[in-house]
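Below: one structure, written as structure tokens.
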Amino acid sequence: MNKKRILTGDRPTGRLHIGHYFGSIKKRIELQESGEYEPYILIADVQALTDNFNNPDKVRKNVREVAIDYLSCGIDPKKTTIYIQSMIPEIAELTVFYSNFVTIARLERNPTVKTEIAQKKELFGESVTYGFLGYPVSQAADITAFEGKYIPVGEDQLPLIEQCREIVRKFNHVYGEVLVEPEAILSNGKRIKGLDGNEKMGKSLGNAIYLSDTEEEITKKVMSAITDPNRIKKDDLGNPNICMVAYYHNLFSSQEEVKTICQECKAGKRGCVACKKQLAQNIIKELKPIREKRAYYEAHLEEVDEILKEGTRKS
Ligand code: SF4
């Protein structure tokens, strides 16, 4: 049976956090284990430079860190090929050819790009770089260079796949049926809010729990999470629907625990400190196997480098 090739990737700008874990990594492992797919994961270091051009060391360092996170979570290099974008110069070459098929106006209208530019005002000021504006073109090269047919994405990434499909159609119209038009698979991954209640979890926002965090770091972060602000004393009646601790209990605690937590909180029979300690313990327990595997790979960096070299060679 011919396996369907799927492509995913991440920009190596920092270690992966639980938002990545629930948002995409779990889905990738599920697809990998289904046996129906031939998964490729791109570590997009060239793309990471589009908004980190002034900090190449950060990108360089995080290529290996992201690879260790993948392996620690259960991405299996025997089933999934992990490769590094910058080590395949043909991707950059294709990007140049594709750039003739996209107008500046079209890129500026792309909703995903628009949102990201607005978020990066501090870096770009009033004038965004040509490289950043054009990253969907480079992404089209990432996808088509490998004849990627199925691309698991979140809903917010759909405009990037549509952009790629447009490039493919225009290219094929001029040069013949050369490129494969990709299809998005909605990953249904959850978008995880930050500890501070922000819709997005991220390093720059200081509201993330990393897969590599120590037990002490996890506990410290959980103790700082936002709770129901109207609750001052333990016997005040609480509202778990506006509490980030309850939100994370839904991700990391059993259904039975969540039920008890909500009942006790609403009845004013539960202290927030105890509630946070319980959550911290559950997160620590869930991430323990990931941390243990990370410790193994940190002690065997040559193995990680070999996996990246082999994946890139195959790609
Ligand atoms: Fe949140 Fe728990 Fe405090 Fe209720 S008791 S407000 S769920 S931390």
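When a ligand or atom number is given, it counts from 1 through the structure's own listing order.
Listed by chain and residue number, F132 satisfy the ring pair (Phe, Tyr, Trp, His ring centres under 6.0 Å) test with Y135 (two or more places apart in sequence, or in another chain).
Of the residues K149, K4, R5, K3, the one that meets the side-chain hydrogen bond (donor to acceptor under 3.5 Å, both in side chains) test with E38 is R5. D69 pairs in a side-chain hydrogen bond (donor to acceptor under 3.5 Å, both in side chains) with only one of the listed residues (R15, R294, H17), which is R294.
Looking only at distances, a side-chain donor or acceptor of N52 sits under 3.5 Å from a matching main-chain atom of A48.
Residues Q32 and D76 have side chains that never bring a donor and an acceptor to within less than 3.5 angstrom of each other.
Within a radius of less than 2.8 Å around atom 4 (Fe) of ligand 1, the protein N, O or S atoms are C265 SG.
Below 30°, between 30° and 60°, or above 60°: for F171 and Y175 the angle between ring planes is between 30° and 60°, a tilted geometry.
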